[in-house]
Amino acid sequence: MERIVLHIDMDYFFAQIEERENPQFKGKPVVVGADPKGGKGRGVVSTCNYTARKYGIHSAMPISKAYELCPEAIFLPVNMQLYQKVSEKIMEIIKKYLPRSIPSESEGLLRGSPKWEITSLDEAYLDISFLNSYKKAENLAEKLKKEILEKEKLTCTVGIGPNKLIAKIAAEKAKPRSELRSTTGAKPNGLLIIKPNQVKKFLEPLDIEDLPGIGPKTGMRIAQSLSLRSRHYANAPIRIRDLKKLSKKELVELLGRVGETLYERARGIDEEPVTSEEIIKSIGKEHTFEKDTRDPEIIFSKFDEIIKEIGQELFLTNLYFRTITVICRFTGFETHTKSKTLEKTTRDSEILEKEAKKLLLKFLLENPKLIRLIGLRVKIF
DNA sequence: AAGTTCTTATTAC
DNA sequence: CTAACGGTAATAAGAACTT
């Protein structure tokens, strides 16, 4: 039986919330992320509104560069507490668009059982196969968008397709290109529906990096592999139709297991179920210093803090750990990890502290460079 | 030779 | 001097190690 999957993605989420809370920002460039510190800040842009994008600013850009591009922008710190609260309210709204749970042994097999999946603060999937029609799916999407706008005063973009992959890419493509935005405060607020018979045409002209799982590195490797067999313009984007020229065997040779899924994805195939079952496998904390340092006072007081916070979380969540990993990034962005797996799982914060410090000490003894970042992560059970 | 651990690389939000 | 690049988490692959 064919599925119908909906992907909802809030528009420039953090920045849009800030606009909503501060109407005086309307039409002005808003950048949420690290403190630019007059151009010397070391963090990155988390999210920015579309006015800021006109200056060339985008997510994940170093905040120093964003400041360079538009020093007069409104730079705001990440107010995660607020975004979390807003997220919860939105998810509550979304949840109501699914049929109520049917208490039954054959839950998963019932077409009417509620299937949804929250993938981040601002994204979720809904399995709306029960509607049995794309027309009804469109209707539901319109109503959902309207309710979120009315109740939360926020716009979102929705993609609908026969699986999670297509729904996700559809939502991405439904957001208009940033350069075309005006200063009027217009928001993406999009909706794109790709029916099964449209999937092939939809995917073929897209850039391969539009496929989830292909980032810059994998994109490069595929480009190289393709230009070896046929001449290509050096800077022309590689499209999904080009990717389809590689056989499954070739892709697996090039990319291993990833190649296998990419072969399917290029053809719009994705059987991943929409499911809310998700288990956290590790928890960690890391910190970048304002300046690279070798001062043991600074390094160890921060590390102590990190150890305490993770210890706290383990205690609060009743979780056990067995593997401890310490991350150390030196001057020049050179990053290394050291890990230690214990005999058996434990929740003892003394052990965590002892082992973590041992690992960090090893780093300090074997590498004399200044330290940029330290971090700690534990694998949990 | 197989299983476990350690380390790095890549991706995504 | 030329790049600038956070924090959190998952997954994969291969090297290194035990048994």
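Chain identifiers are assigned alphabetically (A, B, ...) following the order of the sequence lines, protein sequences preceding nucleic acid strands; residue numbering begins at 1 within each chain. The figures here come from the full heavy-atom set of this structure, side chains too, leaving out hydrogens, waters and symmetry mates. Please read these numbers as outputs of a predicted model, since none were measured by experiment.
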Numerically ordered, the residues 289-322 of chain A set in heavy-atom contact under 4.0 Å with DNA chain C is none
Comparing nearest nucleotides in DNA chain C, the 5'-proximal residue of the pair A:Lys281, A:Arg257 is A:Lys281
Do you see a donor-acceptor pair shorter than 3.5 Å between the side chains of A:Asp127 and A:Ser129? yes
First and last nt of DNA chain C near chain A, cut-off under 4.0 Å to heavy atoms, 5' to 3', are C:dA4 to C:dA13
Rounded to the nearest 0.5 angstrom, the CG-CD1 distance for A:Leu243 and A:Ile222 is 5.0 Å
Inspect the contact between A:Asp9 and A:Lys168 and indicate whether a charged nitrogen and a carboxylate oxygen are less than 4.0 angstrom apart. no
Can A:Arg329 and A:Glu286 be said to form a salt bridge (Lys or Arg N to Asp or Glu O under 4.0 Å), step by step?
CA-CA 10 Å; A:Arg329 177 171 294 153; A:Glu286 50 191 59; 5.5 Å; no
A:Leu359 and A:Lys338 have their tightest heavy-atom pair at CD1-O, 3.7 Å
The contact string for nucleotides 8-13 of chain B, one letter per nucleotide 5' to 3', using protein heavy atoms under 4.0 Å with B, S and - for base, sugar-phosphate only and none, comes out as B-SSSS
Joining Ile, Leu, Val, Met, Phe, Trp and Tyr whenever any side-chain heavy atoms lie under 4.5 Å apart, the cluster holding A:Ile279 also takes in none
Sequence neighbours excluded, the answer for side-chain contact (heavy atoms from CB on, under 4.5 Å) partners of A:Lys136 is A:Leu131, A:Ser133
message: Please classify the nucleic acid contact of A:Ile380 as base, sugar-phosphate, or nothing, using heavy-atom distances under 4.0 Å.
response: nothing
| request: Name the nucleic acid region contacted by A:Ile280, choosing base, sugar-phosphate or nothing; use a 4.0 angstrom heavy-atom cut-off, strictly under. | output: sugar-phosphate
query: Counting any heavy atom closer than 4.0 Å, what does A:Arg42 reach on the DNA or RNA strands: base, sugar-phosphate only, or nothing?
result: sugar-phosphate
A:Ile324 atom CD1 is separated from B:dT7 atom C1', nearest whole Å, by 16 Å
Members sharing A:Val31's hydrophobic cluster, built from side-chain contacts under 4.5 Å between Ile, Leu, Val, Met, Phe, Trp and Tyr, are A:Val45, A:Tyr55, A:Ile57, A:Met61, A:Ile63, A:Tyr67, A:Leu69, A:Phe75
Smallest heavy-atom separation, A:Ile160 atom then A:Ala137 atom, equals CD1-O, 3.7 Å
